[in-house]
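Working notes, structure below.
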Amino acid sequence: MSLLDGKMKNQVREALSGMKTDVELVVFKGGSLVIPGRDPTGEQRSTLQLLGEIAALSERVAVIERNLAGDEEAQRLGLDLAPTTLLRERGSERGNIRFIGFPGGYEFSTLISTLQMLGGGDSGLKRASLERLGEIETPVTLRSFVTPTCPHCPQAVLTAFSLAYHNPLVTAEGIEASEFPLLSQRNRISGVPDTLISGERDTRLLGAQPVHAFLDAVLQATSGATAA
């Protein structure tokens with residue numbers, strides 16, 4: 001059974017019609033082995049089906065399946081949860097925009113908006129934000145925990161993704177919190193969206209904060225700079 005009905009397929013086809021750059025969705029799959037203390041493989045079958053249905057609606061989108069275990073790129077990027085989807089321009093080595101889990105519910109809009117950003121070359125960030133983003137000189141990771149029933153979560157993930165799009169030192173992950181309960185418990189996730197920011201120092205942002213709040217937090221995490 002298709003996950004997208006006819007109306008939704010038409011909407012997705014129209015949304016992706018303006019893409020100018022080919023995009024690939026690299027899905028790292030896990031096995032059935034359960035490692036103590038780590039979440040088991042999540043909804044990878046549904047993830048692959050959904051992404052496949054999207055790719056069928058645009059010649060600009062391709063889905064690539066890879067096994068997490070033993071994969072050199074997965075090891076280099078420190079990936080350890082499945083399914084993890086890398087979203088990037090086709091043929092590029094970008095590994096800093098990731099969604100972990102099934103991008104369903106409200107996060108479906110996150111997925112489509114990210115494809116539009118990568119395929120259209122426009123994040124929507126204003127010049128002032130891009131200038132501040134350029135001040136980041138050390139690596140930082142943003143992990144936005146979300147759920148598919150949260151209407152405010154896409155804004156947090158998309159903001160993090162837009163920062164990563166422009167600065168390779170920024171890694172942004174959207175994580176489906178209910179799909180990975182052990183990870184959520186370890187990180188004390190009690191509400192979503194909740195974005196954990198890890199750099200030279202750690203901090204977190206609760207809620208769907210505006211871009212300037214994300215930049216303030218990221219700059220503090222990377223350099224200790226005072227919020228502007």
Flag yes if more than 12 heavy atoms outside [X] fall under 6.0 Å of its [atom1] atom; otherwise flag no.
{"X": "His152", "atom1": "NE2", "result": "no"}
{"X": "Arg76", "atom1": "CZ", "result": "yes"}
{"X": "Arg186", "atom1": "CZ", "result": "yes"}

Does [Y] offer a backbone N or O that forms a donor-acceptor pair with the side chain of [X] under 3.5 Å?
{"X": "Glu107", "Y": "Phe102", "answer": "no"}
{"X": "Gln209", "Y": "Leu206", "answer": "yes"}
{"X": "Thr138", "Y": "Thr222", "answer": "yes"}
{"X": "Thr195", "Y": "Arg204", "answer": "no"}
{"X": "Asp5", "Y": "Lys7", "answer": "yes"}
{"X": "Asp22", "Y": "Arg90", "answer": "no"}
{"X": "Thr84", "Y": "Phe28", "answer": "no"}
{"X": "Glu53", "Y": "Ser2", "answer": "no"}
{"X": "Glu43", "Y": "Glu179", "answer": "no"}

Closest approach of [X] to [Y] (non-hydrogen atoms, all atoms of both residues):
{"X": "Ile136", "Y": "Val218", "result": "CD1-CG1, 3.3 Å"}
{"X": "His166", "Y": "Ser123", "result": "NE2-OG, 2.6 Å"}
{"X": "Ser46", "Y": "Leu3", "result": "O-CD1, 3.7 Å"}
{"X": "Ala221", "Y": "Val140", "result": "CB-CG2, 4.5 Å"}
{"X": "Val27", "Y": "Pro83", "result": "CG1-CB, 4.2 Å"}
{"X": "Ser129", "Y": "Val211", "result": "OG-CG1, 3.7 Å"}

Could you go through the side-chain contact (heavy atoms from CB on, under 4.5 Å) check for Val23 and Thr114 one step at a time? CA-CA 10 Å; Val23 173; Thr114 305; over 6 Å; no
Looking at [atom1] of [X] and [atom2] of [Y], how far apart are the two atoms once the value is rounded to the nearest 0.5 Å?
{"X": "Gln11", "Y": "Ile112", "atom1": "CD", "atom2": "CD1", "value": "10.0 Å"}
{"X": "Ile54", "Y": "Leu16", "atom1": "CD1", "atom2": "CG", "value": "7.5 Å"}
{"X": "Glu24", "Y": "Leu86", "atom1": "CD", "atom2": "CG", "value": "8.5 Å"}
{"X": "Lys29", "Y": "Thr85", "atom1": "NZ", "atom2": "OG1", "value": "12.0 Å"}
{"X": "Ile189", "Y": "Arg143", "atom1": "CD1", "atom2": "CZ", "value": "9.5 Å"}
{"X": "His212", "Y": "Thr159", "atom1": "NE2", "atom2": "OG1", "value": "10.5 Å"}

Steps toward side-chain contact (heavy atoms from CB on, under 4.5 Å) verdict (Phe161, Thr110): CA-CA 9 Å; Phe161 281 3; Thr110 298; 4.2 Å; yes
Check whether any side-chain heavy atom of [X] lies under 4.5 Å from a side-chain heavy atom of [Y], and answer yes or no.
{"X": "Leu133", "Y": "Leu163", "answer": "yes"}
{"X": "Glu135", "Y": "Leu219", "answer": "yes"}
{"X": "Asp80", "Y": "Arg38", "answer": "yes"}
{"X": "Tyr106", "Y": "Pro151", "answer": "yes"}
{"X": "Pro103", "Y": "Thr47", "answer": "yes"}
{"X": "Leu57", "Y": "Asn10", "answer": "no"}
{"X": "Pro154", "Y": "Ser113", "answer": "no"}
{"X": "Thr141", "Y": "Ile197", "answer": "no"}

Flag the pair Glu73 and Arg66 as a salt bridge only when some basic side-chain nitrogen lies within less than 4.0 angstrom of an acidic carboxylate oxygen. yes
Should the pair Arg188-Asp194 be classified as a salt bridge under the 4.0 Å nitrogen-to-oxygen rule? no
Go through the steps for Arg98 and Ile175 under the test side-chain contact (heavy atoms from CB on, under 4.5 Å), then give the verdict. CA-CA 9 Å; Arg98 314 167 184 171; Ile175 303 172; over 6 Å; no
Are [X] and [Y] in one and the same hydrophobic cluster, where Ile, Leu, Val, Met, Phe, Trp and Tyr link if side-chain heavy atoms are under 4.5 Å apart?
{"X": "Ile100", "Y": "Leu183", "answer": "yes"}
{"X": "Phe99", "Y": "Leu77", "answer": "no"}
{"X": "Met19", "Y": "Leu51", "answer": "yes"}
{"X": "Phe145", "Y": "Leu142", "answer": "no"}
{"X": "Leu125", "Y": "Leu158", "answer": "no"}

Audit row: Ser178, Glu176, side chain to side chain donor-acceptor pair (under 3.5 Å) steps and yes/no: CA-CA 6 Å; Ser178 59; Glu176 211 283 72; 2.6 Å; yes
Given Asn96 and Tyr165, is the side-chain contact (heavy atoms from CB on, under 4.5 Å) satisfied, shown in steps? CA-CA 8 Å; Asn96 65 333; Tyr165 176 68; over 6 Å; no
